[in-house]
Number of protein chains: 2
Amino acid sequence: MADPIAKTVKPLRGGAARPAAKRGTGARKLVKAAQSVGEAGDAAAAEGARPPGRRERAGEARRAAILKAALAVFARLGPDGASVEAIAQAAGVSKPNLLYYYPSKDALYLAVLEQGLALWLSPLGRFTEADDPAEAIGALIAAKLEMSRDHPEVSRLFALEMLRGAPLLKPVLAGPLKAVFDAKCAVVGAWVAAGKLAAVDPPHLIFAVWALTQHYADFAVQVRALTGKTLTDRAFMEETRDAVTALVLRGALP
Amino acid sequence: MADPIAKTVKPLRGGAARPAAKRGTGARKLVKAAQSVGEAGDAAAAEGARPPGRRERAGEARRAAILKAALAVFARLGPDGASVEAIAQAAGVSKPNLLYYYPSKDALYLAVLEQGLALWLSPLGRFTEADDPAEAIGALIAAKLEMSRDHPEVSRLFALEMLRGAPLLKPVLAGPLKAVFDAKCAVVGAWVAAGKLAAVDPPHLIFAVWALTQHYADFAVQVRALTGKTLTDRAFMEETRDAVTALVLRGALP
DNA sequence: TCCAAGTTTGACCAAATGGTCCAGATTTGA
DNA sequence: TCAAATCTGGACCATTTGGTCAAACTTGGA
């Protein structure tokens with residue numbers, strides 16, 4: 001895939017009308033998705049609020065199945081290694097049918113990325129200066145680790161994007177993510193100033209939490225090879241959470 | 001690339017003799033490379049110790065150029081996204097010429113991996129029970145961070161491999177790496193038992209060092225987007241080293 | 001100088017793959 | 001019940017790409 005964005009923007013082919021799915025294009029779409037993280041779900045309710053017929057529901061299910069399969073395949077093989085055919089097969093759908101719902105591989109990839117974005121960003125939730133640092137940081141670590149356990153493919157997908165140099169994500173990083181990041185850095189800074197935290201460097205503290213928690217998803221194979229355990233193992237999950245939390249808190253508390 | 005190993009093992013084509021380059025095949029090769037990490041360099045000296053003529057040297061240079069270009073391209077685009085043509089171009093060589101030195105894309109990929117392996121494994125150097133924990137851990141962190149600064153592509157390449165599920169590396173992980181890992185865990189365990197270290201969980205401590213240091217190479221785009229800095233920035237490098245070291249040591253020392 | 005071995009490349013080939021067409025099946029709404 | 005709208009998938013196409021071939025070009029040594 002050369003330039004996902006450029007190829008995605010193209011005239012619709014003449015035939016039958018397509019299910020409404022492409023609002024916004026390329027990276028802009030991702031930024032928009034990222035910004036609406038905290039907002040209310042955009043489910044029905046908005047415009048044409050007619051009850052979904054059997055057909056519509058089936059279509060939505062198919063679309064979801066495709067998206068799910070695509071996430072799995074993209075996260076494992078990467079956007080280049082994954083073939084449309086393979087994704088279609090994994091979703092139990094014919095290739096042309098997949099292309100009916102998502103007009104191109106790039107569009108599909110973008111959709112997968114978009115879908116994962118909210119989930120990916122969510123753990124850096126809303127903790128404020130007023131919160132207790134130990135509790136807030138502990139909660140963040142727990143949330144990120146659960147994310148690594150329950151949605152490792154999402155973590156891997158974004159890791160993959162980072163490794164490629166984040167061609168699609170850069171706007172998100174520089175925009176919405178930076179905004180949240182700066183805000184959280186400020187909170188940490190305030191904690192430090194208030195003497196609630198040792199003199200840690202806020203950005204590095206946040207990087208540390210990310211790195212420590214994502215490691216168990218992105219490098220799961222290595223972790224498994226070396227310890228024989230996975231986060232799905234209840235005991236290992238708790239052990240990991242305790243170890244990471246202890247490390248960070250002991251390192252950050254006064 | 002479906003199965004790098006299977007495709008690599010194939011009869012040499014009938015024509016001219018190939019430069020001796022393929023000893024061992026596929027994953028076995030990688031394990032061998034990993035095992036010989038500490039050993040002396042296998043430069044000349046061995047068999048035919050005649051002085052290298054101009055031609056031979058030129059060939060070796062070309063081979064090195066190809067390997068270097070391949071590392072860069074593979075690390076950025078992944079083994080599937082990288083085309084032989086692109087690598088050849090980056091190396092300033094024609095495609096058939098590249099294929100002359102490395103009989104297939106898979107073989108080249110394997111060679112790149114093999115080359116990086118020693119470097120990748122080396123930082124987990126030789127620290128023993130007798131060493132001072134703070135010093136040893138500090139040195140490890142420093143070494144890994146330098147690695148992230150000076151050879152980020154290597155780090156990314158291996159991260160990529162992990163994300164794909166380490167099809168080629170699994171034997172290395174389960175073999176040589178696990179051996180070193182277990183040994184180092186034992187050392188950490190001994191430190192804990194001797195009261196030189198708090199009651200940390202050895203595997204998680206090591207994972208922590210890996211995760212914290214590799215993050216700055218693998219997620220360099222994100223770090224740059226959020227802080228505007230890179231490890232190549234001297235001040236940022238030191239700041240990072242201090243932050244990571246402080247975090248780990250404060251978390252691990254009694 | 002001449003030759004055999006090694007090196008380089010333009011032209012080509014076959015497979016894989018993203019994407020298109022179209023004809024037929026299925027729903028939906030009137 | 002019927003026509004319009006929407007789905008579905010087999011056949012097909014163009015491009016990309018890993019890899020091959022044969023012919024031309026270097027180079028080191030007898």
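Counting non-hydrogen atoms under 4.0 angstrom, B:A86 reaches nothing in the nucleic acid. Using a 4.0 Å heavy-atom distance criterion, A:A88 is classed as making no nucleic acid contact.
Across the protein-nucleic acid pair, B:D106 atom CG and D:dT17 atom P stand 16 Å apart, rounded to whole Å. When the P atom of D:dC7 is taken as reference, atom CD of A:E60 falls 10 Å away, rounded to whole Å. If you take OH of B:Y101 and C1' of C:dT7, they are 6 Å apart, rounded to a whole angstrom. In this structure, the CD atom of A:Q89 is 13 Å from the P atom of D:dG9, given to the nearest Å. As rounded to whole Å, 18 Å separates atom P of C:dA11 from atom CG of B:L99. As rounded to whole Å, 18 Å separates atom P of D:dG19 from atom OH of B:Y100. One interatomic measurement links the two molecules: OH of A:Y102 to P of C:dG18, which rounds to 17 Å at whole-angstrom precision. For B:K105 and D:dT17, the NZ to P distance is 9 Å, given to the nearest whole Å.
Interface remark: the B:K95 side chain does form a donor-acceptor pair with the D:dG19 base, using a distance-only criterion of under 3.5 Å.
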Could you list the donor-acceptor pairs under 3.5 angstrom formed by side chains in residues 223-231 of chain A, with sequence neighbours left out?
| residue | atom | partner | partner atom | Å |
| --- | --- | --- | --- | --- |
| A:R224 | NH1 | A:T230 | OG1 | 2.9 |
| A:T227 | OG1 | A:V223 | O | 2.7 |
| A:T227 | OG1 | A:K229 | N | 3.0 |

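Residues in residues 153-163 of chain A take part in no salt bridge (charged side-chain N to carboxylate O under 4.0 Å, His left out) pair, two or more places apart or across chains.
Scored by the side-chain contact (heavy atoms from CB on, under 4.5 Å) test, B:K170 finds A:V221 as partners (sequence neighbours excluded). Partners of B:A217 by side-chain contact (heavy atoms from CB on, under 4.5 Å), not counting sequence neighbours, listed by chain and number: B:S148, B:P152, B:S155. Scored by the side-chain hydrogen bond (donor to acceptor under 3.5 Å, both in side chains) test, A:N97 finds A:R62 as partners (sequence neighbours excluded).
Ion pairing between A:D80 and A:K105 fails under the 4.0 Å rule for side-chain N and carboxylate O.
Within the 4.0 Å cut-off from OP1 or OP2 of D:dC7, not a single side-chain nitrogen or oxygen of A:N97 is found. Taking side-chain N and O atoms only, A:R62 has a distance below 4.0 Å to OP1 or OP2 of D:dG9.
Distances were taken from every side-chain heavy atom of B:S83 (C-beta onward) to each of D:dG19, D:dT17, C:dT9; the shortest belongs to D:dT17.
Helix-axis bend for the helix from C:dT1-D:dA30 to C:dA30-D:dT1: the local axis fitted to the five terminal pairs at one end deviates from that at the other end by 10°, rounded to 10°.
Within the 6.0 Å centre-distance limit, the rings of A:F181 and A:F207 are counted as a close aromatic pair.
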